[in-house]
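These values consider heavy atoms only, across backbone and side chains, with no hydrogens, waters or symmetry-generated copies. In listed order, ligands and their atoms are each counted from 1. Being a predicted model, the structure only gives us computed values, none of them experimental.
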Amino acid sequence: MYDYLIVGAGLFGSVFAYEAKKRGKKCLVIDKRDHIGGNIYTEKIEGINVHKYGAHIFHTNNERIWDYVNGFTKFNRYTNSPIANYKGELYNLPFNMNTFNTLWGVVSPDEAKAKIEQQKTVAGITEPKNLEEQAISLVGTDIYEKLIKGYTEKQWGRSARELPAFIIKRLPVRFTYDNNYFNDQYQGIPIGGYTTIIEKMLEGIEVKLNVDFFEQRQELESLANKVVYTGMIDQYFDYKFGVLEYRSLHFETKVIDDTTNYQGNAVINYTDKETPYTRIIEHKHFEFGTQDKTIITEEYPSEWKPGDEPYYPINDDKNNETYKKYKALAENEPKVIFGGRLATYKYYDMHQVIGSALVTVEKEFDQ
Ligand code: FAD
């Protein structure tokens, strides 16, 4: 008999399994995929660690979490500085003095602020009613038209005028010449890829891949005293209050033989409406790779329907209300712990998943 059956070998399930084992508990980890790591999985191809589920950059302000992940592997000094490509014009992200200088030729922060203010005034929006109005009221029309509109409309599959304003409550605008995307104190990429971290977490723990919890539910549940469930919460309750909606993505990965350096940066966003993908990732640049070949991945947003890979929860009122009903049921399942992005219907960065797994561990074992 196992103490815990852990459904999902992603970051949440793996942190929990590691901490439970440390406390002498016996765990069985299952995953329906053919690999561990969930969405942070990296696979070595041609000597390059390929981020199979999109670009993953670790960043946090929390020293305890930074020390925790560094206990599994060393991190490099990678700093995320994405570039936006709008019809061949290149701009630095996040919006900063480099962006404003390229866009308007302004040199000082005061000139940039004045330009944005002027565009906001001309637009005359007092109470933004949709994403377009919200974006214009925050950064003016030029940035909205070139760097936000096309990208956001591709990402969400609908017009910015039909999207709610709350999606962009704030926009990262910086009046310094600083291209570092994140404000966090700690940032980097694990040397050797993210899969190494998960391998270390799951060392000495029984893991079964290609096992879907719902295909053998009763049998699996009977193997353990408790279940840690990191799959979709609506599926756990047989969709009784309806389906929670997501946005999906698909990735097209290509090995490029005839150049060692395809785009000169790990992440380039394509912000026009016409290019069908939202970004191209060149994986070797996450680790300053010097391999003979290079590997790129185009990221295409797509509509989600049940059965597709769920990526981004659509946290609008309707879905949040439905989630609340599932959450209430989950709270009445004493032998099941629900955790991670799918079971809590929430977008989490990696440091947040680790933080929430560690809080769960403390509640389970130390209180
Ligand atoms: P998951 O990794 O999804 O793990 C859940 C696991 O459960 C999966 O392996 C799944 O196969 C398994 N499972 C589900 N249902 C079943 C079932 N019925 N039976 C068996 N197994 C099941 N975070 C950052 O900090 N920085 C970034 O730059 C970043 N970039 C991202 C880019 C993209 C495109 C996306 C989508 C996410 C990004 N994230 C990033 C977030 C990061 O991926 C998540 O924080 C993290 O992967 C969540 O871990 P998890 O364990 O909650 O979920």
Side-chain angles (χ1 to χ4, degrees), residues 5-18 28-42 51-62 65-66 69 75 78-80 82 155 181-182 184 186-190 194-195 197-198 201-202 207-217 220-221 227-238 246-251 266-267 269 277-279 281 286 297-302 304 306-313 337-357 360:
L5 166 73
I6 299 174
V7 181
L11 194 51
F12 189 98
S14 302
V15 169
F16 189 94
Y18 174 79
L28 170 63
V29 180
I30 61 161
D31 204 297
K32 64 181 179 184
R33 296 182 184 173
D34 63 1
H35 59 76
I36 56 170
N39 280 358
I40 70 169
Y41 174 65
T42 48
H51 297 206
K52 294 292 275 195
Y53 299 89
H56 277 74
I57 298 118
F58 198 96
H59 59 96
T60 181
N61 255 330
N62 186 320
I65 288 173
W66 183 241
V69 282
F75 278 65
Y78 178 81
T79 302
N80 194 31
Q155 194 152 35
Y181 195 80
F182 297 114
D184 288 346
Y186 307 105
Q187 177 173 188
I189 299 286
Y194 287 94
T195 307
I197 299 181
I198 303 291
M201 286 178 177
L202 295 178
V207 179
K208 288 191 179 154
L209 299 174
N210 301 305
V211 176
D212 189 327
F213 176 67
F214 295 104
E215 280 169 17
Q216 316 168 30
R217 184 169 184 163
L220 287 165
E221 280 172 337
V227 174
V228 175
Y229 179 79
T230 73
M232 295 192 297
I233 192 166
D234 52 355
Q235 188 176 16
Y236 184 91
F237 293 109
D238 209 14
Y246 287 86
R247 260 316 261 173
S248 196
L249 294 171
H250 84 264
F251 300 102
V267 182
N269 291 1
Y277 40 83
T278 44
R279 27 184 203 177
I281 310 304
F286 287 123
T297 299
E298 294 162 352
E299 191 174 309
Y300 296 81
S302 60
W304 177 87
D308 292 347
E309 205 55 68
Y311 283 104
Y312 298 110
I337 295 169
F338 293 82
R341 66 185 191 100
L342 296 168
T344 57
Y345 193 59
K346 192 169 188 302
Y347 177 84
Y348 277 123
D349 273 329
M350 291 177 276
H351 65 281
Q352 295 168 314
V353 174
I354 294 174
S356 113
T360 307

> Side chains of N210 and D34: donor-acceptor distance under 3.5 Å anywhere?
Replying inline: no
> Among side-chain atoms of D349 and Y347, is any donor-acceptor pair under 3.5 angstrom?
Replying inline: yes
>> Applying side chain to side chain donor-acceptor pair (under 3.5 Å) to E309 and Y311, what does each step give before you reach the verdict?
In response: CA-CA 6 Å; E309 205 55 68; Y311 283 104; 5.2 Å; no
> Of all residues at least two apart in sequence or in a different chain, which pass the side chain to side chain donor-acceptor pair (under 3.5 Å) check with Y41?
Replying inline: none
> Under 4.5 Å between any side-chain heavy atoms of Q216 and I30, yes or no?
Replying inline: no
>> Do Y229 and F12 have side chains that approach each other closer than 4.5 Å (heavy atoms only, starting at C-beta)?
In response: no
>> Which protein residues come within less than 4.0 angstrom of ligand 1, counting heavy atoms only?
In response: V7, G8, G10, L11, F12, D31, K32, R33, G38, N39, I40, Y53, A55, H56, I57, V211, D212, F213, F214, T230, G231, L249, Y311, Y312, G340, R341, Y347, Y348, D349, M350, V353
